[in-house]
J.: 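Starting off with a structure, shown below.
Values below: every heavy atom of this structure, side chains too, minus hydrogens, waters and symmetry copies.
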Amino acid sequence: PPAPPSPPSEAAPPVAAPPPAEEDMYAYGGGDEFGDEEDGGGDGGDGGEGGGDLEQLLHPVSKLLVLDLSQPSHVALAAAAVEAAEAALAAPKPTLLELVGAQTALRDAAAAAGMASPPAVCDVQTAFVKLTLEQEASFFEDMAALNVRPPDAVTRVTDYVPEIVSYIETIARNGYCYEANGSVYFDTAAFTSSEGKVYGKLVDASALADKELLAEGEGALSASSAEADKRHPSDFALWKASKPGEPAWPSPWGEGRPGWHIECSAMMSDLLGGEVDINAGGIDLKFPHHENQMAQVEAHYDCCKACNYFWHSGHLSIDGLKMSKSLKNFITIREALETYSARQLRFLFLLQKYHQPMEYSQNSMAAAADLERRFGAFEAALAARLREADTAADAAPQEVLHRWGDQERRLNDALVDKRAAVHAALLDCIDTPSAVKRLEQLIRAANSYMGEVPQPQRGATLLHAVARYYRRVMGAFGVETALDAAGAAGSADSATPLQLTEAVSSFRDTVRSIAIEAKRSGGEGAGLADEVLRVCDALRDESLPALGVRIEDRPSGVAQFAIDEPQRVLAEAARRREAAAQAAEAAAAYLEQRPEMTAHSKALAQKRYDALLLREASREAERLCPGEALHLGRESLNSASTGGGGGGGGGRGGGGGG
């Protein structure tokens, strides 16, 4: 099989061979134009249609150059072989047949010249199968990275060739196809003349006469004589006679390969029968592929309905242009995942209707990433609130308040209303943008409730209902959430990452609470308490972010945590440190400008700033720009300084004793 092609931007390297003897110059070609891009030898990665690596084709040439070509017949044969190779490489886009032909000529020349091991010619059949297996593995890796569930069954055309041949034979017995020069074509005229059968269900009449679309449906490897073999322009190949050098399998009509459309019909029918509910694919497959696929099934079973629903997804565009290799504006899934998380990409998909064109750009991804961040913040806040509620219920079950007040009734009304609105949106052609918008409104209502009712003993049952519904909808959308911890369980002998994170966070909360109490009490344990708090902060700010764990301390003493991509958590931690450093510089500058403050007052203000404002700035830096964080710091500092050494007033940063 051919080796992987060179990168598109690099020309194939020239052949490294000793200078030929003078009498053999004409066999060499007079120079190293094999590597000259202008002659077609360098840009091997642009089209890729050739199916073979140019270096592999050139390699036998370098071996021929050092042979003893003293025999005139050998010289002539080698010259012809090299000329054929040059001609193939000089073509802008050499065909597979031309490349294999050049390889064959080089092999024959090498054998005739006495080479002990003549270079092998590419085994096209093996190369094609190898290539498809590599692409299949790559595809499933990408799907797993995007959190796409694996299918229940995987069908490969190369595994189904005997079944495809049998499928075509049944269509022939039913009178809907004909053979011509080793190929078999679907007879659209015979099909449409049969009672109840229609060709063109998915498109209007103009598409049936579109020669460009019809030619695209036959594929690039069709024989040039195919049009002459057809009885009608809209007829299409069920089986194609293979040309020399192309993949081929045995059949009653001779060596050949399945047509593009028949493989889907045969494989689908094998697993699902003669009628299926849903057939999905890109809008570009609507005609002729899906139209032909449906006609083949109906011709095989001699029925009038092969599929109940087609779902056609819109094209992906990059910055307003259709993604295309020729425009060099294409991006792979793996390249996208280097910049964005799989969750952010899925939010991009959710924000656009599946059947309309989808835009991938910095603006659309920024909107998707911002929405994903807001949803993630809600998940973390709700998960923390539910943990607090569970802890409070375990500690003092008699204090749990189940009776609803006005706030609970408002949240319940929002849950009922938005649940109905999400359902209606999904019934309306799977309108995910509207569904997400309604879900975001439910999030606002839940956030408002948690802000108005800070007591964890209240509303726990209702918040659990919100969490269950949110989890169910996001699960249907394929989005993993921080709330999955409540319903996720590890195996019999292991815990999930979220459960382990919860255990670490809970242990840290306990240790931190004990240290804070010891510090407030003073005495001999105060110094140790400072060290324990420092270690707790290092765990939050350094160790856990590297593992993708985000922890935010809360006034209640129960930290809020979430699991995310390590790179994202580390980047957020770096931004928070930068904002905190800027706030600290502003505080120091402010203190220097207040000479009237006593050293004692300055020390108290700085201590309060360090203990409260820096932590607050670190927590809020994600939502506040540095300027706003500094403004918050100054307000907190003002409260501390005006309080002096006694009991200070409480600014936005929080009150308490000076």
J.: Side chains of D270 and Y167: any donor to acceptor distance under 3.5 Å?
T.: no
J.: Near H423 NE2, under 6.0 Å, is it more than 12 heavy atoms from other residues, nucleotides or ligands?
T.: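 No, not enclosed.
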J.: Quick one: does any side-chain atom of E291 pair with a main-chain N or O of P288 as donor and acceptor, under 3.5 Å?
T.: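 Side chain of E291 to backbone of P288, a donor-acceptor pair under 3.5 Å: no, none is there.
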J.: How are the rings of F347 and F375 set relative to one another: parallel (under 30°), tilted (30 to 60°) or perpendicular (over 60°)?
T.: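 F347 and F375: perpendicular rings.
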J.: Is Q362 atom CD crowded by more than 12 heavy atoms from other residues, nucleotides or ligands, each under 6.0 Å away?
T.: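 No, CD of Q362 has 12 or fewer neighbouring heavy atoms, counting only those of other groups under 6.0 Å.
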J.: Does one side chain, of Y360 or D319, offer a donor that lies under 3.5 Å from an acceptor on the other?
T.: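 No, no side-chain donor-acceptor contact under 3.5 Å.
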J.: Name the residue from I168, V184, N292 that meets the side-chain contact (heavy atoms from CB on, under 4.5 Å) definition with I262.
T.: I168
J.: Run the salt bridge (Lys or Arg N to Asp or Glu O under 4.0 Å) test on R231 and D235 for me, step by step, so that the C-alpha distance in whole Å, both residues' side-chain angles and the decisive distance to 0.1 Å come before the verdict.
T.: CA-CA 7 Å; R231 296 176 182 175; D235 292 352; over 6 Å; no
J.: Does N329 use its side chain to pair, donor to acceptor, with the backbone of K322 at less than 3.5 Å?
T.: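 Present.
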J.: Could you tell me whether E255 and K243 make a salt bridge, using a distance below 4.0 angstrom between a side-chain N and a carboxylate O?
T.: no
J.: Going by heavy atoms in the side chains, are Q296 and H261 under 4.5 Å from each other?
T.: yes
J.: Can you tell me if S194 and Y176 form a side-chain donor-acceptor pair at under 3.5 Å?
T.: yes
J.: Just by modelled atom types, is the E480 backbone N or O under 3.5 Å from a matching donor or acceptor in the R343 side chain?
T.: yes
J.: Give a yes or no on whether the backbone of D142 and the side-chain of R334 come within a donor-acceptor separation of less than 3.5 Å.
T.: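 The answer is no, because no donor-acceptor pair under 3.5 Å joins these two groups.
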J.: Check the angle between the aromatic planes of Y199 and F191 and answer parallel, tilted or perpendicular using the 30° and 60° thresholds.
T.: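 Perpendicular: the ring planes of Y199 and F191 meet at over 60°.
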J.: Do N181 and S183 meet the criterion of a side-chain donor-acceptor pair at a distance under 3.5 Å?
T.: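 S183 and N181 do not have a side-chain donor-acceptor pair below 3.5 Å.
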J.: Answer yes or no: is there a donor N or O on one side and an acceptor on the other, between the side chain of N174 and the main chain of H300, under 3.5 Å?
T.: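 Yes, N174 side chain to H300 backbone: donor-acceptor pair under 3.5 Å.
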J.: So which of Q125, E263, E246 actually passes side-chain hydrogen bond (donor to acceptor under 3.5 Å, both in side chains) with R257?
T.: E246
J.: Taking atom types as modelled, find out whether T170 and R173 have a side-chain donor-acceptor pair closer than 3.5 angstrom.
T.: yes
J.: If the test is side-chain hydrogen bond (donor to acceptor under 3.5 Å, both in side chains), which one of K305, Q293, K201 qualifies with E298?
T.: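 The residue from K305, Q293, K201 that satisfies side-chain hydrogen bond (donor to acceptor under 3.5 Å, both in side chains) with E298 turns out to be K201.
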